[in-house]
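Working notes, beginning with the structure itself.
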Amino acid sequence: MLRKLHMLSIELIRKDLKRVEEGLKKRGDKSDLSALLNLDEQRRSILKKIEELRFQRNNASDEIGKLKREGKSAEEILGQMKGVSEEIKKLEGEIALIENEEDNILLTLPNLPHESVPEGRDEIENVEIRKWGEIPQFSFEPRPHWEIGEDLKIIDFQRASAIAGARFALLKGKGALLERALINFMLDLHTTEHGYTEVLPPFMVNSKAMTGTGQLPKFEDELFKLERDRYYLIPTAEVPVTNIHREEILQEEALPLYYTACTPCFRREAGSYGKDTRGLIRQHQFNKVEMVKFCKPQDSYDELEKLTNNAEDVLQRLGLPYRVVLLCTGDMGFSSAKTYDIEVWLPAQNTYREISSCSNFEDFQARRADIRYKSAKGRTEFVHTLNGSGLAVGRTLVAILENYQQEDGTVIIPEALRGYMGGEEKIT
RNA sequence: GGAGAGGUGGCCGAGUCGGCCGAAGGCAGCUGCCUGCUAAGCAGUUGUGGGGGUAACACUCCACCGUGGGUUCGAAUCCCACCCUCUCCGCCA
């Protein structure tokens, strides 16, 4: 009966119901907590009975043991205990059902927003925090990346759909090289200058890992699942990397831990039919360099700022204009307490599009995944986890094609990448 | 895929024919004593989760020896299923 799987702890709900209710309301979550509290009360009352009976049984068993050793008869107590055990079994059956129901509710409650998060219903109420870079001016009509890419013969959507279907792409020649250059550039930057340790995790994970970071049980529809082998394809490196330390107690001196990983990400994109159907923006498979942090609770908001800056650094070095947006309560992901999105400028769409999402999950994922640390005071506490894209590689490639496009259809390679592309300056 | 070995506390490791085993012993850690300092030595201490209780401690009860079931008054110890790790063979990047 190890009941540690709590995203929002039942204790918090019990002791500070108001705070939890307000938090959920701000998010627009309509969960009914009274049913949950009711279950919890039932659970505890049965637990109390069970523990009393077990106490009785333990005492009796000790007694029987003693009598037997002394060679005396224990028939009398033996008969009485038979019924007690059956009663315990019955109650254990009842409590298991209740716990199950309780956990099912708890696992679907989202994280509570941090106080600095603006209240709002959807992305319209997100708040722009800062802008960077000059929006490029073109003497011609800027073209969308899919046209540029197809004309340069570096992206082939037709053949990709023959191989797999819609929402897949085939990169060729300089296109594939550019993707690889971006990956290496980003990983090198994070490992050598930002202090991250590179990892290369499994791209398939089990359901425990998915539950740990919050994808399950609520968002199963968005995942690719391998039915026969009970694995899921990761929708982001966040899942395997955060779960590196699942069920561990870390040493305080080891914190903070910074990891970076480049993995493919697999998303079903259910419910986004008709959205971004052309181009590389919304694919079933794309590469992403991810940054993941584990830290002490008191540090996590500083770490979030740093993490966001690390992602911004990639765009600055590539010379891509962007803005940072603070997501409002209604637009945040399920597990997050606070999220900054970084949006890159896309000339053909004449707008900013998300290229990174940096979140502080506080102890939400740590509770689910049971990741703790031993503090100086000798207490074991949950760590805080954070992660952010640094960056989504496919969308970065899109941004480069569109922002660096020339009138003759060629694309200038940003200086920072040239070393990774054999010194070439242009894709022709 | 086939054959075998194993999963015990921070680590190593013991658990006899089921009964003071939450678990010997060692290491590491912490606290005293000793010591010019360090080392050694001596004594004590050190798991996790939950319920009750407290202002908070204290205290107390329950559970936890890979996971889930079963047998039994009672299981780390017996039975069943599953998971994982390791070794060998086969196949394979």
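Residue numbers begin at 1 in each chain, while the letters A, B, ... track the order of the sequences. What you are looking at is a predicted structure, and each value in this text was computed from that prediction instead of being measured. The basis for the numbers below is simple: all heavy atoms, side chains too, and nothing from hydrogens, waters or symmetry mates.
- Remark: the separation of the C1' atoms in B:rC65 and B:rU54 is 32 Å, to the nearest Å.
- As rounded to whole Å, 16 Å separates atom P of B:rC83 from atom CZ of A:Arg246.
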Scan the side chains in residues 235-242 of chain A for donor-acceptor partners under 3.5 Å anywhere in the protein, sequence neighbours excluded, and list what turns up.
residue  : atom : partner  : partner atom : Å
A:Thr236 : OG1  : A:Glu238 : N            : 3.0
A:Thr236 : OG1  : A:Lys288 : NZ           : 2.9
A:Glu238 : OE1  : A:Asn387 : ND2          : 3.4
A:Glu238 : OE2  : A:Gln365 : NE2          : 2.8
A:Glu238 : OE2  : A:Asn387 : ND2          : 3.4
A:Thr242 : OG1  : A:Glu238 : O            : 2.7

Residues 409-417 of chain A, side-chain donor-acceptor partners within the protein, below 3.5 Å, at least two apart:
residue  : atom : partner  : partner atom : Å
A:Thr410 : OG1  : A:Asp408 : OD1          : 2.6

Base-contact (B) and sugar-phosphate-only (S) positions in nucleotides 71-77 of chain B, heavy-atom cut-off under 4.0 Å, - elsewhere: S-BS---

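- Of the N and O atoms on the side chains of A:Asn111 and A:Glu362, not one donor lies less than 3.5 Å from an acceptor on the other residue.
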Name the pairs: protein N/O against N/O of nucleotides 52-55 of chain B, kept only if under 3.5 Å.
residue : atom : partner : partner atom : Å
B:rG52  : OP1  : A:Arg44 : NH1          : 3.1

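- For A:His190, the ring pair (Phe, Tyr, Trp, His ring centres under 6.0 Å) partners two or more places apart in sequence, or in a different chain, are A:His194, A:Tyr196.
- A search for salt bridge (charged side-chain N to carboxylate O under 4.0 Å, His left out) contacts involving A:Glu94 returns nothing, not counting sequence neighbours.
- Comparing the C1' positions of B:rU48 and B:rG10 gives a spacing of 12 Å, expressed to the nearest Å.
- Between B:rU85 and B:rA43, the distance separating the two P atoms is 43 Å to the nearest Å.
- The P atoms of B:rG1 and B:rG13 are separated by 30 Å, rounded to the nearest whole Å.
- Nearest nucleotide to the A:Arg54 side chain, out of B:rG49, B:rC62, B:rG50: B:rC62.
- B:rG22 and B:rG50 have their C1' atoms separated by 16 Å, given to the nearest Å.
- Scanning for ring pair (Phe, Tyr, Trp, His ring centres under 6.0 Å) contacts around A:Phe224 gives A:His284, with sequence neighbours left out.
- B:rU60 atom P lies 19 Å from atom CG of A:Leu47, rounded to whole Å.
- Taking atom C1' on both nucleotides, B:rU16 is separated from B:rC11 by 26 Å, rounded to a whole Å.
- Looking at which nucleotide of RNA chain B each of A:Arg230 and A:Asn59 is closest to, the 5′-most match is held by A:Asn59.
- Within 6.0 Å of atom CD in A:Gln298, more than 12 heavy atoms from other residues, nucleotides or ligands are found, so the atom counts as buried in its surroundings.
- Distance A:Glu51 CD to B:rC64 C1': 13 Å, rounded to the nearest Å.
- Evaluation of the ring pair (Phe, Tyr, Trp, His ring centres under 6.0 Å) rule for A:Phe219 yields A:Phe334 as partners, not counting sequence neighbours.
- Between the CD1 atom of A:Ile10 and the C1' atom of B:rG51 there is a distance of 14 Å, given to the nearest Å.
- Counting heavy atoms from C-beta outward, A:Cys262 and A:Met186 have side chains that stay 4.5 Å or more apart.
- Nucleotides B:rC21 and B:rG74, compared at atom C1', are 13 Å apart to the nearest Å.
- For A:Ile50 and B:rG50, the CD1 to P distance is 17 Å, given to the nearest whole Å.
- The side chain to side chain donor-acceptor pair (under 3.5 Å) pairs that include a residue from residues 200-210 of chain A number zero, where partners must be two or more places apart or lie in different chains.
- At B:rA63, one or more side-chain N or O atoms of A:Asn58 fall inside 4.0 Å of OP1 or OP2 (strictly under the cut-off).
- Computed from coordinates, the A:Ile249 CD1 to B:rC11 C1' distance equals 14 Å when rounded to whole Å.
- Between the P atom of B:rC62 and the CD1 atom of A:Ile95 lies a distance of 15 Å, rounded to the nearest Å.
- When base pairs are accepted only as Watson-Crick or G-U wobble with both N-N or N-O distances under 3.5 Å, RNA chain B takes part in stems of 3 or more pairs at B:1-7 with B:83-89, B:10-12 with B:25-27, B:28-33 with B:41-46, B:47-52 with B:59-64, B:66-70 with B:78-82.
- For the C1' atoms, the distance from B:rU38 to B:rG44 is 23 Å, rounded to whole Å.
- RNA chain B is contacted by both A:Glu52 and A:Lys66; A:Lys66 maps to the nucleotide lying nearer its 5′ end (nearest heavy atom per residue).
- With sequence neighbours excluded, no residue forms a ring pair (Phe, Tyr, Trp, His ring centres under 6.0 Å) with A:Tyr420.
- In this structure, the nucleotide among B:rC61, B:rG47, B:rG49 sitting nearest to the side chain of A:Lys374 is B:rG47.
- Using modelled atom types, one finds no donor on one side chain facing an acceptor on the other under 3.5 Å when comparing A:Glu290 with A:Tyr259.
- Residues forming a side chain to side chain donor-acceptor pair (under 3.5 Å) with A:Glu125 (at least two apart in sequence, or on another chain): none.
- Here B:rG49 presents its P atom at 8 Å from CZ of A:Phe382, a figure rounded to the nearest Å.
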